[in-house]
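Values reported hereafter were calculated over all heavy atoms of this structure, with side chains retained and with hydrogens, waters and symmetry mates removed.
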Amino acid sequence: MIKSRFNTERISIKTGIIFSRFGISPNTWTVMGLIPAILGFIILAIYQDLLASLLFFILSGVIDAIDGAVARVTRSISAQGAFLDGIIDRYVEILLYMGLLFFLFSREEFLLPNSFWISLLIFGALMPTYIRSYAHHRGVVIDSEDLRRMGGLLERAERLTLIYIGMFLGLFEEIWLVYVIAIASILANITALQRLWFVINYGKRI
């Protein structure tokens, strides 16, 4: 949704030109993005440092943007690279949520245990991608443009942005982080239902 609303092509090209000079392949950049995410998880889960963890996960996101920019500038975009990027994205996101699970394990709760909200968030993070992939796998939605049109209220970029905002607010009052996680978990699952509805109606049209 963020990408569809803002034209980031110019920034992406400039980024790709700068970082392509390092001679590092896009796939290597992709894998490198996992390193700060692992460090962010360790810092959050073991050392309970919310700010340092937030910075490491933001760094992981920056590297994730670099790999795609370099691939476009060097004309090395490939199906294998897109596949690897998607897998690493899932690992990074789940590392973040698992870190938050450890961080909030014995802290103030909102209506339900924090573990419930984070579990719901993980489910909501995985299901939209699964629905899109399974719809394509089963031949219900084949056209790539239709697959992109599935969209949804809270896609990955918006989901992570919301969580990062929650982590920042949590530096002042930890309960605000819990509030944001609860909101994100609900919106993420609404997104899954939106995509499911899209697929069901698409199947009826054909």
*For the pair Asn201 (side chain) and Trp197 (backbone), establish whether a donor and an acceptor sit closer than 3.5 Å, ignoring hydrogens and angles.*
yes
*asked:* With a 4.5 Å cut-off on side-chain heavy atoms, are Asn114 and Phe105 touching?
replied: no
_If we ignore hydrogens and angles and just use 3.5 Å, is the side chain of Arg195 paired with the main-chain N or O of Pro128 as donor and acceptor?_
yes
_Common cluster, Leu54/Ile175, ILVMFWY with side-chain heavy-atom separation under 4.5 Å_ = yes
*When hydrophobic residues are tied together by side-chain contacts of less than 4.5 Å, even through go-betweens, does Phe57 share a cluster with Leu51?*
yes
*asked:* Please check this pair: side chain of Glu93 against backbone of Asp89, looking for a donor-acceptor N/O pair closer than 3.5 Å.
replied: no
_Tell me if the OH atom of Tyr164 is crowded by more than 12 foreign heavy atoms within 6.0 Å._
yes
*Do Ser60 side-chain atoms and Pro36 backbone N/O form a donor-acceptor pair below 3.5 Å?*
no
*Rounded to the nearest 0.5 Å, what separation is found between the CG atom of Leu160 and the CD1 atom of Ile58?*
10.5 Å
*Should Met167 and Ser53 count as side-chain neighbours, where that means a heavy-atom distance under 4.5 Å?*
yes
*Would you call the rings of Phe168 and Phe172 parallel, tilted or perpendicular if under 30° counts as parallel and over 60° as perpendicular?*
perpendicular
*Say whether, by atom type as modelled, one donor and one acceptor occur between the side chain of Thr191 and the main chain of Glu155 under 3.5 angstrom.*
no
_Quick check: closest heavy atoms across Glu158 and Leu154, and the distance to 0.1 Å?_
CB-CD1, 3.6 Å
*Could you grab the distance from atom CG of Leu196 to atom CE of Met127, nearest 0.5 Å is fine?*
7.5 Å
_Main-chain N/O of Ile24 paired with Thr28 side-chain donor or acceptor, under 3.5 Å_ = no
*Applying the side-chain contact (heavy atoms from CB on, under 4.5 Å) test to Ile122, which of Ile94, Leu96, Leu100, Leu101 qualifies?*
Ile94
_Testing Asp49, Leu55, Leu50, Ile38 one by one against Ile43 for a side-chain contact (heavy atoms from CB on, under 4.5 Å), which residue passes?_
Asp49
*Is the shortest heavy-atom distance from the side chain of Leu104 to the side chain of Ile181 under 4.5 Å?*
yes
*Could you check if a side-chain atom of Glu108 sits within less than 4.5 angstrom of a side-chain atom of Val178, using non-hydrogen atoms only?*
no
*asked:* Can you tell me which residue among His136, Arg138, His137, Arg132 is in a side-chain hydrogen bond (donor to acceptor under 3.5 Å, both in side chains) with Tyr134?
replied: Arg138
*Examine Trp176 and Leu171 and state if one hydrophobic cluster contains both, with Ile, Leu, Val, Met, Phe, Trp and Tyr joined whenever side-chain heavy atoms are less than 4.5 Å apart.*
yes
*Which class fits the ring pair Trp117 and Phe110: parallel under 30°, tilted 30 to 60°, perpendicular over 60°?*
parallel
*Begin from the C-alpha positions of Asn27 and Val31 and carry the test side chain to side chain contact (heavy atoms under 4.5 Å, CB included) through to its verdict.*
CA-CA 6 Å; Asn27 285 351; Val31 176; 5.7 Å; no
*For the atom pair CG (Leu112) and OG (Ser119), what is the distance rounded to the nearest 0.5 Å?*
11.0 Å
*Any chance you could measure Leu59, atom CG, to Ile63, atom CD1, to the nearest 0.5 Å?*
4.5 Å
*asked:* Can you give me the closest heavy-atom contact between Ala125 and Tyr97, atom names plus distance?
replied: CB-CE1, 3.8 Å
*asked:* If hydrophobic clusters are built from ILVMFWY residues whose side chains come within less than 4.5 Å, do Leu34 and Phe56 share one?
replied: no
*asked:* Quick check for you: to the nearest 0.5 Å, what is the distance between Glu109 atom CD and Phe116 atom CZ?
replied: 12.0 Å
*Between Phe41 and Leu95, which heavy-atom pair has the shortest distance, and what is it?*
CD1-O, 3.3 Å
*Treat each ILVMFWY residue as a node, draw an edge where side-chain heavy atoms are under 4.5 Å apart, and state whether Tyr179 and Leu153 are in one component.*
yes
_Between CG on residue Asp85 and OG1 on residue Thr30, distance to nearest 0.5 Å_ = 5.0 Å
*Verify the neighbour count for atom CD of Glu173: are there more than 12 heavy atoms of other residues, nucleotides or ligands below 6.0 Å?*
no
*Specify the closest pair of heavy atoms between Ala184 and Leu162, including all atoms of both residues, with the distance to one decimal.*
CB-CD2, 3.7 Å
*Check whether any side-chain heavy atom of Ser133 sits under 4.5 Å from a side-chain heavy atom of Thr129, and report yes or no.*
yes
*Might you point out which heavy atoms bring Ala71 and Pro26 nearest each other, and give the distance in Å?*
CA-CG, 3.6 Å
*Any chance you could lay out the side chain to side chain contact (heavy atoms under 4.5 Å, CB included) test for Ile46 and Phe102, step after step, and finish with the verdict?*
CA-CA 8 Å; Ile46 298 177; Phe102 281 103; over 6 Å; no
*Does any non-hydrogen side-chain atom of Asn189 lie less than 4.5 Å from one of Leu120?*
yes
*Between Ser185 and Leu121, is there a donor-acceptor pair closer than 3.5 Å when you use the side chain of the first and the backbone of the second?*
no
